[in-house]
Structures are given as C-alpha cells and as structure tokens.
Amino acid sequence: MIKPIAFGIILLISGLFSAQTTAMSAAEAKAFVARVSSETKGMKTLQSDFTQTKKMDFLDKSIVTYGKMTLKTPNMLSWKYTKPYQYSIVFRDNKIFINDQGKKSSVDAKSKTFEKINKLIVGSSNGQMFNDPEFSVAYFKNGTSNMAKFTPKSSQLLKYIRQIELHFPKNQSAVSQVNMTEASGDTTNIIFKNTKINAPVSASDFSL
C-alpha cells in the first residue's frame, strides 16, 4: 500500500560496519547528542534531494529512485519521488497523504506504525529523535561520520522494522544518510544531497 515510503521514509539499511567504525564512549555519545540537539533547535525547514536504493530478496536488481524531501517543523514532511516514476507521500495533520501517479488517497496516521517513523524523521530536525521512547539508541563513529542506530523496543514495531540508522557528517547536525532494515530483511538506503536549511518552502511542497 505504501510502497516506496520505502519505509522511507523514512528510512534505510543497517549495513555492516566497516573496520574503521567504533562505538562511541558514553562521554562522546553525550556530547554528540547535546551538540545535535542544540544546533537543530533553530531549524525550521529542511530541503534535500535524495537517492533511494531498495534491495528486496525476490529481486535480482536493486530498485533505485530519485526525488526531493521537504520538512517543515513541527510536523510536516513531504517525500516526492520524481524518477523513474512519480509518487508522493505527505505527512500532515496526523495523516499520510499519497499520490501514486495521479491516484490519490489518505491514511489515518494516528496510532499507526508509520506515525512513529514520521516522528523519528521529523525528530532528526530538532534532536528529539534521541529521546523517542519507542527505540533504544546506540552511537558509533568513523573517520567521516557519526551514526545513531535505532532499534525498536516494541514487538509491534519490530514486525515492520528491525533497525534504523542515521548518519551525520562530522561537525554537521543534518542527517546525510538513512539506512533501514525491515523485519523481512529487505533494506532501504537513502542518501541526501544539496541540503538546504531554513530556506523558504512553498505550501505546494505539502500538497498533492
């Protein structure tokens, strides 16, 4: 039903850590969370182009799509896929609005697993993601990035998601990459580029 939300929304392979990736110490993790939370307090909008790669067990080739993400605090999020097809997902007013190549629909997001995913992504713009009670969080680092790995606590959410991993370039507070592993083992990776913070956004970005 919500195909290339690709739980993407969000989100998102977990991927294997390289040999250079190590766990942060408690002090490093505390400092990282404090810095990101502080620096994102003034973030009102976030815009970025993205490339999404989804790997599924029953397909020989990965599915690669391109689009634009737009976020406006406190709770508006838009994913618009433009290539190789047009597909839009907008989170607004506790609902998920979908436009599948002209076919429009909506889903009540309240008390839904998708609302939790949306909350985590929006939380990446204000640092609140680290305090989400639905997830346990582990922190890692390598030469270029800091990483926060989220593991669902509830059995309900584990039916959909095994793990979500957010990458932050060193000395930056905006997420550059989101990886997710679904319960099925399928993985989704989203890489953001041309990111703009606090640039004006149009109301049309959140309409279908």
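Atom set for the values below is all heavy atoms of this structure, side chains included, hydrogens, waters and symmetry mates excluded. The shown structure was predicted, so the numbers you read here are calculated from the model rather than taken from an experiment.
Contact between Lys44 and Asn198 at its shortest, heavy atoms only, is N-OD1, 2.6 Å. Summarising the geometry of Gln101 relative to Tyr85, their closest heavy-atom pair is OE1-CB, 3.9 Å, with the distance given to 0.1 Å. In terms of heavy-atom proximity, Phe206 sits nearest to Val90 at O-CG1, 3.5 Å.
Lys141 and Glu28 are joined by a salt bridge, as a carboxylate oxygen and a charged side-chain nitrogen come within less than 4.0 angstrom of each other. With respect to Glu182 and Lys159, no salt bridge is recorded, no charged nitrogen being found less than 4.0 Å from a carboxylate O.
Between Thr144 and Asn142, the side chains place a donor N or O and an acceptor N or O closer than 3.5 Å (distance only, hydrogens not considered). Between Thr195 and Ser48, the side chains place a donor N or O and an acceptor N or O closer than 3.5 Å (distance only, hydrogens not considered).
Proximity of the aromatic rings of Trp79 and Phe50 is defined here by a centroid distance below 6.0 angstrom, and this criterion is met. Centroid-to-centroid, the aromatic rings of Phe135 and Phe130 stay 6.0 Å apart or farther. You'll find the ring centres of Phe32 and Phe168 inside the 6.0 Å limit.
Atom-to-atom distance recorded for His167:NE2 and Ile190:CD1 is 12.0 Å, nearest 0.5 angstrom. Atoms CG and OG, from Asn99 and Ser105 in turn, are 8.5 Å apart once rounded to the nearest 0.5 Å. One finds the OG atom of Ser176 at 12.0 Å from the NZ atom of Lys170 (value rounded to the nearest 0.5 Å). Of the inter-residue distances, the one linking Phe58 atom CZ with Ser184 atom OG reads 9.0 Å to the nearest 0.5 angstrom. Distance check, rounded to the nearest 0.5 Å: CD1 of Ile89 to CD1 of Ile98 gives 6.5 Å.
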Derivation and outcome, side-chain contact (heavy atoms from CB on, under 4.5 Å), residues Glu165 and Gln163: CA-CA 7 Å; Glu165 184 181 297; Gln163 180 179 286; 4.0 Å; yes
Derivation and outcome, side-chain contact (heavy atoms from CB on, under 4.5 Å), residues Met147 and Thr21: CA-CA 9 Å; Met147 288 149 277; Thr21 299; 3.9 Å; yes
